[in-house]
S.K.: 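If you scroll down you'll find the structure; I have some questions about it.
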2 protein chains.
Amino acid sequence: MIKIEIATALMQTLPVSKATALQVVDLLTDRMKKALLDGERIEIRGFGVFEPRPRKRGLGRNIKTGQSVEIPKGKSIRFKAGKDLRDIEVK
Amino acid sequence: MIKIEIATALMQTLPVSKATALQVVDLLTDRMKKALLDGERIEIRGFGVFEPRPRKRGLGRNIKTGQSVEIPKGKSIRFKAGKDLRDIEVK
DNA sequence: GCTTCCATGATCAAAATCGAAATCGCCACT
DNA sequence: AGTGGCGATTTCGATTTTGATCATGGAAGC
C-alpha cells in the first residue's frame, strides 16, 4: 500500500477529490513527522504509538572495507502496534 | 500528540469540520490497520514504512512463576522511519 | 509516461530489544 | 463521566537492530 492507495481509499469514502485526498495524506504525515522530530510521542488508541527514542549504540560497519565505523549520535523512531495490530493471526 | 490534535491540525489547514477531520483520521488508521493485518506492507516515501513481519522468537517468560512460556505464533508490525525521520538531531 | 530520488538488500558484530504474564495507574476515546 | 487501552514492572535469552556503501527496484513528482 502506497500513498496513492491510501488517498484513493479516502476519496472512496468521503466526497473529496483525489488531489485533496493526497493533500490530506501529505498533511497528516507531515504533521506527524514534525511532531516526532520535535521529540513528541504520538499515540493513537487502537492503532499504535510512535515514540522517538535515543539511539544508544554507536558502532556500525563499513561493508566495503569490513571495518567498524563509529555511528554518530541520533534518535530512532519506534512504533508500537496497538492491541488490534498485535492480535494478528497467522494466515 | 493524540488523535484529536491531528484532526485539529487537519481542520486548520483544510476547510473541514472537526467531526469530518476525525472521520478522516479514523478512516486512514483503519485502512492502514486493515492493510497491515492483511499482511500488506505500507510505504510512504519521506515518512516511513510499516511492515508486518513474522515473529521468530518463540520463548517468553511468566513473571509470576518465573518459568519459560512458549510464545504462540504471530506477527509483529515494524515501522521503519524514512529518511527525514532518521536524520534526527539530538536536541 | 518519464525522471528523480528514496528504500532495499547485503555485510558484520555487539548491544539492545522483545516476548510472555498479571496488575495497577493513567489517560485516550466514547 | 465511564471504559478500557496502554505503560510500567520483572525475567532472561534468542532475535534483532543498527550503520556504512553501492546497485537496483520503485514511489512519487512533473
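Numbers restart at 1 for each chain; the letters A, B, ... are given by sequence-line order, proteins then strands. Values reported hereafter were calculated over all heavy atoms of this structure, with side chains retained and with hydrogens, waters and symmetry mates removed.
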S.K.: Does the side chain of B:Lys80 get closer than 4.0 angstrom to OP1 or OP2 of C:dT8 through an N or O atom?
M.R.: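 Yes, B:Lys80 has a side-chain N/O under 4.0 Å of OP1/OP2 on C:dT8.
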
S.K.: Side chain to side chain donor-acceptor pair (under 3.5 Å) with B:Thr29: which residues, sequence neighbours excluded?
M.R.: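 Listed in chain order: nothing, the list is empty.
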
S.K.: Could I get the full list of side chain to side chain contact (heavy atoms under 4.5 Å, CB included) partners for B:Gln23, not counting sequence neighbours?
M.R.: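 Testing B:Gln23 for side chain to side chain contact (heavy atoms under 4.5 Å, CB included), a comparison that skips the adjacent residues, returns A:Leu14.
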
S.K.: Which pairs count as salt bridge (charged side-chain N to carboxylate O under 4.0 Å, His left out) when at least one residue sits in residues 3-12 of chain A, sequence neighbours excluded?
M.R.: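 Pairs touching residues 3-12 of chain A that pass the test: A:Lys3-A:Asp26.
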
S.K.: Could you tell me which non-hydrogen atom of A:Leu22 sits nearest to which non-hydrogen atom of A:Ala7, and how far apart they are?
M.R.: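 So the minimum-distance heavy-atom pair works out to CD2-CB, 3.7 Å.
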
S.K.: What is the distance from NZ of A:Lys83 to C1' of D:dT3, rounded to the nearest Å?
M.R.: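 Interatomic distance, NZ of A:Lys83 to C1' of D:dT3: 12 Å.
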
S.K.: Looking at B:Arg53, I'd like to know whether one of its side-chain N or O atoms comes within less than 4.0 Å of OP1 or OP2 on D:dT17.
M.R.: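 Yes, B:Arg53 has a side-chain N/O under 4.0 Å of OP1/OP2 on D:dT17.
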
S.K.: I'd like to compare against my own output: the B/S/- annotation of nucleotides 23-30 of chain D with a strict under-4.0 Å heavy-atom distance to protein.
M.R.: --BBSSS-

S.K.: N/O contacts under 3.5 Å, protein versus nucleotides 22-25 of chain C?
M.R.:
none

S.K.: Please give the angle, rounded to 10 degrees, between the axes at the start and the end of the helix from C:dG1-D:dC30 to C:dT30-D:dA1, where five pairs define each axis.
M.R.: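 It comes to 170° between the two terminal axes.
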
S.K.: Sequence neighbours left out, what pairs pass salt bridge (charged side-chain N to carboxylate O under 4.0 Å, His left out) with at least one residue falling in residues 8-21 of chain B?
M.R.: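 Matches after skipping sequence neighbours: none remain.
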
S.K.: Suppose we screen for side chain to side chain contact (heavy atoms under 4.5 Å, CB included). Which residues come up paired with B:Thr13, at least two apart in sequence or across chains?
M.R.: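 Side chain to side chain contact (heavy atoms under 4.5 Å, CB included) list for B:Thr13, sorted by chain: A:Leu27.
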
S.K.: Could you work out, with side chain to side chain contact (heavy atoms under 4.5 Å, CB included) as the rule, every residue matching A:Ala81, not counting sequence neighbours?
M.R.: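 By the side chain to side chain contact (heavy atoms under 4.5 Å, CB included) rule, A:Ala81 matches A:Phe79, A:Leu85, A:Arg86, B:Ile77.
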
S.K.: B:Gln12: which residues meet the side chain to side chain contact (heavy atoms under 4.5 Å, CB included) condition with it, sequence neighbours left out?
M.R.: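 Result, side chain to side chain contact (heavy atoms under 4.5 Å, CB included) vs B:Gln12: B:Thr8.
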
S.K.: State which residues pass side chain to side chain donor-acceptor pair (under 3.5 Å) with B:Glu43; sequence neighbours excluded, sorted by chain then number.
M.R.: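 Partners of B:Glu43 by the side chain to side chain donor-acceptor pair (under 3.5 Å) criterion, ordered by chain and then number, come out as B:Arg41, B:Arg45.
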
S.K.: Roughly how many Å is it from CD1 in A:Ile77 to P in D:dT17, rounded to a whole number?
M.R.: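 These atoms are roughly 15 Å apart.
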
S.K.: Could you name each residue pair satisfying ring pair (Phe, Tyr, Trp, His ring centres under 6.0 Å) that touches residues 1-42 of chain A, not counting sequence neighbours?
M.R.: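 Output for this query is empty, none listed.
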
